[in-house]
Amino acid sequence: MASEIGPQRPKYQRIADALREAITAGQYAPGDRLPGESALAEQYGVAPLTARQALKVLRVEGLVETKKGAGARVVSFHPIRRRGIQRLARDQWAAGKSIWSADEERPVTIDVRVETVPAPTHIARILELSDGDAVCSRSRRFVLDDRSVMLANSYLPLELVDGTAITRVDTGEGGIYARLSEIGHSPVHFREEIRCRFPSSAEAQQLELPTERPVIKLFRTAYDADGRVVEVNEMTMDSASYVLEYEFDA
């Protein structure tokens with residue numbers, strides 16, 4: 001790795017650029033320790049604080065992780081490839097498979113909380129309910145390889161799903177969509193909106209990520225054959241943990 005840094009960008013960004021290129025080129029493999037602040041400061045002729053800023057850039061990007069007393073190591077986590085179209089196909093959940101399994105074979109831990117809550121205003125509008133009407137709220141936190149990767153909260157009209165397995169923690173094989181199909185409201189159409197923003201303090205805490213790292217906000221609406229909205233799902237994803245993949249015919 002060259003020790004020369006050009007004049008165009010702030011020094012800490014140029015050091016981060018050089019380290020990023022070295023990681024991409026395989027000079028540092030997953031799990032390898034990067035040079036410490038003092039070594040980087042000496043190599044590039046900068047103050048240790050500048051070297052610390054460079055390492056922080058890589059940590060915010062999700063390329064390295066830092067632990068007190070252990071320095072910075074290249075992250076060994078393999079990003080999730082979220083297959084945005086295939087994962088929602090009927091032959092996936094109708095066959096008793098989870099939507100998650102379309103993306104990942106690695107085992108995932110899902111913390112689930114199911115509640116009956118008044119519909120938030122924006123959710124009530126989409127579900128064509130009055131403000132405060134009861135909805136079934138299913139909140140989940142997905143943990144993969146000891147890393148929190150996504151928060152998801154589904155809202156379904158309570159009058160539609162009350163008394164079904166959807167109101168239980170374990171919905172059974174095929175999940176929510178298989179259960180909706182059993183009661184005559186099988187999803188036949190989906191709409192997803194994707195945005196990026198910085199996380200709220202609560203989101204950053206739950207996902208255990210730096211507040212400077214953007215999250216992917218994915219908002220999905222599921223419709224039945226009559227055009228009724230049967231589920232609204234708000235997802236908050238660690239941007240460093242995901243690759244969004246869309247594959248379809250022309």
Side-chain angles (χ1 to χ4, degrees), residues 80-120 122-124 126-129 132-194 203 206-207 216-238 241-242 244:
I80 303 158
R81 299 195 74 85
R82 184 184 187 277
R83 296 172 172 85
I85 294 176
Q86 297 92 324
R87 69 197 310 271
L88 294 173
R90 180 189 297 273
D91 59 6
Q92 178 76 15
W93 46 265
K97 300 176 183 178
S98 69
I99 290 177
W100 177 269
S101 67
D103 301 330
E104 271 296 333
E105 295 181 354
R106 288 174 286 179
V108 61
T109 299
I110 308 176
D111 301 324
V112 183
R113 186 176 73 252
V114 184
E115 302 174 287
T116 297
V117 301
H122 68 295
I123 298 296
I126 297 171
L127 292 174
E128 296 185 354
L129 301 174
D133 280 358
V135 291
C136 173
S137 167
R138 298 184 55 84
S139 302
R140 289 93 73 201
R141 183 171 70 103
F142 293 75
V143 181
L144 182 67
D145 293 345
D146 296 322
R147 176 171 175 152
S148 298
V149 296
M150 180 173 69
L151 308 173
N153 199 340
S154 290
Y155 297 94
L156 304 100
L158 187 63
E159 55 87 13
L160 182 67
V161 302
D162 196 21
T164 72
I166 292 172
T167 61
R168 300 197 292 264
V169 170
D170 184 0
T171 58
E173 293 185 350
I176 291 174
Y177 297 149
R179 304 292 80 78
L180 284 170
S181 181
E182 290 169 355
I183 61 174
H185 292 277
S186 176
V188 300
H189 182 73
F190 298 95
R191 181 174 185 268
E192 290 190 342
E193 295 180 354
I194 300 173
E203 290 167 342
Q206 287 182 281
L207 289 172
I216 301 168
K217 297 292 293 186
L218 199 150
F219 194 90
R220 181 170 70 231
T221 308
Y223 302 82
D224 69 9
D226 294 325
R228 177 179 182 176
V229 176
V230 292
E231 183 221 22
V232 177
N233 190 352
E234 292 185 292
M235 289 158 271
T236 305
M237 306 153 69
D238 174 11
S241 296
Y242 276 89
L244 304 186

**Message:** Looking at every heavy atom in both Phe190 and Leu88, which two are closest together, and how far apart are they?
**Reply:** CE1-O, 3.7 Å
**Prompt:** Have Arg90 and Ser181 got a donor and an acceptor in their side chains that come within less than 3.5 Å?
**Reply:** no
**Prompt:** To the nearest 0.5 Å, what is the distance between CD1 (Ile216) and CZ (Arg82)?
**Reply:** 9.0 Å
**Asked** Side-chain contact, heavy-atom cut-off 4.5 Å: Leu218 with Glu192?
**Response** yes
**Message:** Could you measure the distance from the CD atom of Gln206 to the OG1 atom of Thr236? Nearest 0.5 Å is fine.
**Reply:** 8.5 Å
**Complete:** Nearest heavy-atom approach of Thr167 to Asp162 is CG2-CA, 4.2 Å
**Request:** Give a yes or no on this: more than 12 heavy atoms of other residues, nucleotides or ligands lie within 6.0 Å of atom NZ of Lys97.
**Result:** no
**Prompt:** Judged by modelled atom types alone, do Ser101 and Gln92 share a side-chain donor-acceptor pair under 3.5 Å?
**Reply:** yes
**Prompt:** Just wondering, more than 12 heavy atoms not from Glu193 lying within 6.0 Å of its CD?
**Reply:** yes
**Message:** If I take atom CE from residue Met235 and atom CZ from residue Phe219, how far apart are they, to the nearest 0.5 angstrom?
**Reply:** 9.0 Å
**Request:** With the side chain counted from C-beta on, respond yes when Arg147 and Ser241 share a heavy-atom pair under 4.5 Å apart, and no when they do not.
**Result:** yes
**Message:** Would you compute the distance between atom CZ of Arg106 and atom CG of Asp145 and round it to the nearest 0.5 angstrom?
**Reply:** 5.0 Å
**Request:** Indicate whether the side chain of Asn153 and that of Ser137 have a donor and an acceptor atom separated by less than 3.5 Å.
**Result:** yes
**Asked** So, Arg179 side chain and Thr171 main chain: donor-acceptor pair closer than 3.5 Å or not?
**Response** yes
**Asked** Do you know the tightest heavy-atom contact between Val169 and Arg138?
**Response** O-NH2, 3.1 Å
**Request:** Nearest 0.5 Å please: distance from the CD atom of Glu182 over to the CG atom of Leu180.
**Result:** 9.5 Å
**Asked** If you count the non-hydrogen atoms of other residues, nucleotides and ligands that lie under 6.0 Å from CZ in Arg191, is the total more than 12?
**Response** no
**Message:** Within the supplied structure, the quantity of interest is the number of heavy atoms (other residues, nucleotides, ligands) at a distance under 6.0 Å from Arg113 CZ; does it exceed 12?
**Reply:** no
**Fill in**
When every non-hydrogen atom of Tyr242 is compared with those of Val149, the smallest separation belongs to CE1-O, 3.4 Å
**Item:** Pairwise distance CD1(Ile99) to OH(Tyr177) - rounded to 0.5 angstrom
**Value:** 5.0 Å
**Complete:** Closest heavy-atom pair, Ile176 versus Ile166, reported as atoms and distance to 0.1 Å, is O-CD1, 3.9 Å
**Aromatic plane relationship, Trp100 with Phe142 - under 30° parallel, 30 to 60° tilted, over 60° perpendicular** = parallel
**Prompt:** Less than 4.5 Å apart, any side-chain heavy atom of Val117 and any of Val135?
**Reply:** yes
**Prompt:** Are a donor atom and an acceptor atom from the side chains of Ser154 and Arg220 found within less than 3.5 Å of each other?
**Reply:** no
**Asked** Is the backbone N or O of Arg228 less than 3.5 Å from a side-chain atom of Asp226, with the two atoms forming a donor-acceptor pair by type?
**Response** no
**Item:** Set of side-chain contact (heavy atoms from CB on, under 4.5 Å) partners for Ala134, sequence neighbours left out
**Value:** Thr116, Leu158
**Item:** Side chains of Val161 and His185 in contact at under 4.5 Å (non-hydrogen atoms)
**Value:** no
**Request:** Could you tell me whether Glu105 atom CD has more than 12 heavy atoms of other residues or ligands within 6.0 Å of it?
**Result:** no
**Request:** Go through the steps to decide whether Met237 and Leu244 satisfy the test side-chain contact (heavy atoms from CB on, under 4.5 Å), and finish with yes or no.
**Result:** CA-CA 11 Å; Met237 306 153 69; Leu244 304 186; 3.8 Å; yes
**Prompt:** Hey, is CD on Glu173 packed in by over 12 heavy atoms from elsewhere, all under 6.0 Å?
**Reply:** no
**Asked** Does the side chain of Val229 reach to within under 4.5 Å of the side chain of Glu128, using non-hydrogen atoms?
**Response** no
**Item:** Taking every non-hydrogen atom, the tightest pair across Asp238 and Leu207
**Value:** N-CD1, 4.3 Å
